[in-house]
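Only one structure is covered here, and it is reproduced in the block below.
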Amino acid sequence: MSAVEKLKKLKPIQFRYKKELDPSQSLRAGFSAQQVKEIIPEAVIEVNGILMLDMNILRSYVETAKKELLAKNT
């Protein structure tokens with residue numbers, strides 16, 4: 001599956017971190033680590049039992065997807 005296809009499968013969500021992680025409880029937008037783990041498992045790490053996204057790996061997928069799209073349109 002191409003990087004473009006994988007990224008298209010990700011569904012953005014709005015969320016708040018648990019109060020112990022973010023006392024301000026501000027509304028955020030992003031992706032669920034649980035969902036990303038199903039599609040791009042190497043982009044998820046676990047720290048002290050909490051799943052977190054490795055943004056460097058996600059950025060590399062975005063860069064690869066850009067290259068795929070550029071190659072497709074030339």
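It should be emphasised that the depicted structure is a prediction, and the values quoted were computed from it without experimental measurement.
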Rounded to the nearest 0.5 Å, what separates atom [atom1] in [X] from atom [atom2] in [Y]?
| X | Y | atom1 | atom2 | value |
| --- | --- | --- | --- | --- |
| Gln14 | Leu27 | CD | CG | 4.5 Å |
| Lys6 | Thr64 | NZ | OG1 | 10.5 Å |
| Arg28 | Ile13 | CZ | CD1 | 12.0 Å |
| Ile40 | Leu58 | CD1 | CG | 5.5 Å |

So does Tyr17 get a backbone contact from the side chain of Gln25, meaning a donor-acceptor N/O pair under 3.5 Å?
yes

Report yes or no: does Glu68 contribute a side-chain atom to a donor-acceptor pair with the main-chain N or O of Ser2 at less than 3.5 Å?
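Between the backbone of Ser2 and the side chain of Glu68 there is no qualifying donor-acceptor contact (under 3.5 Å).
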
Transitive ILVMFWY side-chain link [X] to [Y], under 4.5 Å:
| X | Y | result |
| --- | --- | --- |
| Ile50 | Val36 | no |
| Phe15 | Met52 | yes |
| Val62 | Leu70 | no |

What are the two closest non-hydrogen atoms of [X] and [Y], and how far apart are they?
| X | Y | result |
| --- | --- | --- |
| Ile57 | Glu42 | CD1-O, 2.8 Å |
| Ala65 | Ala3 | N-CB, 3.9 Å |
| Tyr61 | Leu7 | O-CD1, 3.7 Å |

If the threshold is 4.0 Å, N to carboxylate O, is there a salt bridge linking Glu5 and Lys8?
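Looking at Glu5 and Lys8, the cut-off is not met.
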
Could you check whether any side-chain heavy atom of [X] comes within less than 4.5 Å of a side-chain heavy atom of [Y], counting everything from C-beta outward?
| X | Y | value |
| --- | --- | --- |
| Arg59 | Glu63 | no |
| Asp54 | Val44 | no |
| Arg16 | Asp22 | no |

Does NZ in Lys37 sit with more than 12 non-hydrogen atoms of other residues, nucleotides or ligands closer than 6.0 Å?
no

